[in-house]
Amino acid sequence: MHAIVIGGGIGGLATARGLGRQGWDVTVLERQPDLGQIGAGISLWPNAMRALHHLGIGAAVERAGARVRGGGLRAWHGRWLSRVELAAPAVMLHRADLHEILLDGLPATVRTGHPVTDVGALGDADLVVGADGIGSVVRAAYAPHVRVTDSGQVAWRAMVRAEVDGGGETMGPRGWRFGYAPTGRGTVYWYVAAPGPLRTGTRAEQLAELRAVLAGWHDPVGRLLAATAPEQLLHHPLRELRPVAPMRFGERVALVGDAAHAMTPNLGQGACQALEDAVTLAVLLPKGAAVSSALQVYDQQRRPRTAAVSRRSRQVGRVAGAKGRLTGALARALVRLTPDRMAASAAQRVAAWSPQDVKVPGRAITPAGGRR
Ligand SMILES: Cc1cc2nc3c(=O)[nH]c(=O)nc-3n(C[C@H](O)[C@H](O)[C@H](O)COP(=O)(O)OP(=O)(O)OC[C@H]3O[C@@H](n4cnc5c(N)ncnc54)[C@H](O)[C@@H]3O)c2cc1C
């Protein structure tokens, strides 16, 4: 059975790996001339780590990154507002390392420099998976009602050489936030989320703005910004899909990852959800399975979950990014007064997913490699 996966990002490569391990003949079509990832870090929550273990690459990801068990929110002067300890560790690593691990020994043919413009012209594959990101041509063909929405916030991020003790996020005045985490091998990933619009100045000017606005924030904020060179700075609008898209169309077309449910990064769950999608699809589609009915089950299981995570991420962004003097103070008070165990159990609900949760109709299965 032949599957075509459109897009060689995290979602597409994980899908190709999952289907390839189930015996599918998989072709990945990627529009860029080279496969690779931008110079930023990524947090992989325990749900994503279970998906990666299921795909046989969890141990490699753990070796490449840094394990982080706890986190929390601080005010800009350094006082902790909330501290959360996860039941299982998350892993922080460089996106390029994740990409390399996903590609290593990939049981699929990858064709780069191959932009797909017409999904209908792809021939007679048994399965077509749109893993082509927030601007998906596959979604546009089948679900034009789903809109890319601007959250009103923007982000900067960078990877730098530095030493830090743990990580976390800090809420400051006027809706500014700073987060950081070690990513292993003496590197640290940091990000800033702030009210838009997208800045149009040079990177040096943008870095100067960050250093000025965040001056006086607790350590290591100033240290990490000082260690950043302008060319390391990435700047993006924060956008999402509303509503999340259906995840299957007709008899043989499915969506995974941002193509279906691009979400704000406030929970650090976009790629984690793409990995859940990939594993769910693979579990539901062993070689020889009836594709059409498996895709219906896939949509039934994934759409409510990704819609809930996306909604929660938006809510967190509204609270943590509150811009007004009063709303900002109220938001910080809300975080401080919420018991840590409540915050931990909300995080736990998102992070608790396991491949064993995939319900395969007619089978009480424990997927090989799935583990809690
Ligand atoms: C600031 C920020 C921070 C984030 N932090 C985290 C985090 O810490 N943890 C987390 O889990 N998530 C995080 N995310 C979300 C995460 O980056 C995305 O959810 C994830 O990368 C989506 O992967 P994807 O493969 O679905 O899509 P993409 O990464 O967008 O990949 C799509 C691929 O498809 C290719 N493509 C597009 N169109 C075509 C076409 N027509 N033909 C062929 N190929 C095509 C593209 O070139 C690309 O390679 C963050 C997002 C942002 C913006």
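Everything numeric in this text was worked out from a predicted model, so none of it was measured. Both ligands and their constituent atoms are indexed starting at 1 by order of listing.
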Taking 4.0 Å as the limit for heavy-atom contacts, which would you say applies to [X] with ligand 1: side chain only, backbone only, both, or neither?
X	result
Gln269	backbone
Gln273	neither
Ile6	side chain
Cys272	both
Asp132	both
Ala131	backbone

Under 3.5 Å, side chain of Trp156 to main-chain N/O of Ala194, donor-acceptor pair present?
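Side chain of Trp156 to backbone of Ala194, a donor-acceptor pair under 3.5 Å: no, none is there.
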Please check this pair: side chain of Arg314 against backbone of Met263, looking for a donor-acceptor N/O pair closer than 3.5 Å.
no
Counting only heavy atoms, tell me which of His261, Arg31, His236 gets closest to atom 44 (N) of ligand 1.
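Residue with the shortest heavy-atom distance to the ligand atom: Arg31.
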Select the closest option to atom 42 (N) of ligand 1 among Leu238, Val192, Thr264, Val116, judged by heavy-atom distance.
Val116
Which residue owns the protein heavy atom closest to [atom], what's the atom, and how far is it?
atom	result
atom 17 (O) of ligand 1	Arg95 NH2, 2.8 Å
atom 51 (C) of ligand 1	Pro265 CB, 3.9 Å
atom 31 (O) of ligand 1	Gly9 CA, 3.6 Å
atom 19 (O) of ligand 1	Asp258 OD1, 2.7 Å
atom 30 (O) of ligand 1	Gly133 CA, 3.5 Å

Looking only at the side chains, is there a donor atom on one of [X] and [Y] sitting less than 3.5 Å from an acceptor on the other?
X	Y	value
Gln273	Arg302	yes
His218	Thr170	yes
Gln301	Asp357	no
Gln153	Arg177	yes

Is Met92 in contact with ligand 1, taking contact as a heavy-atom separation below 4.0 Å?
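Contact absent.
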Scanning both residues in full, the closest heavy-atom pair of Arg139 with Ser136 reads N-OG, 2.8 Å
Same cluster (ILVMFWY, side-chain, under 4.5 Å), Val319 and Val350
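Val319 and Val350: separate clusters.
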Output the distance between atom CD1 (Ile10) and atom CG (Leu52), rounded to the nearest 0.5 Å.
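Result: 9.5 Å between the selected atoms.
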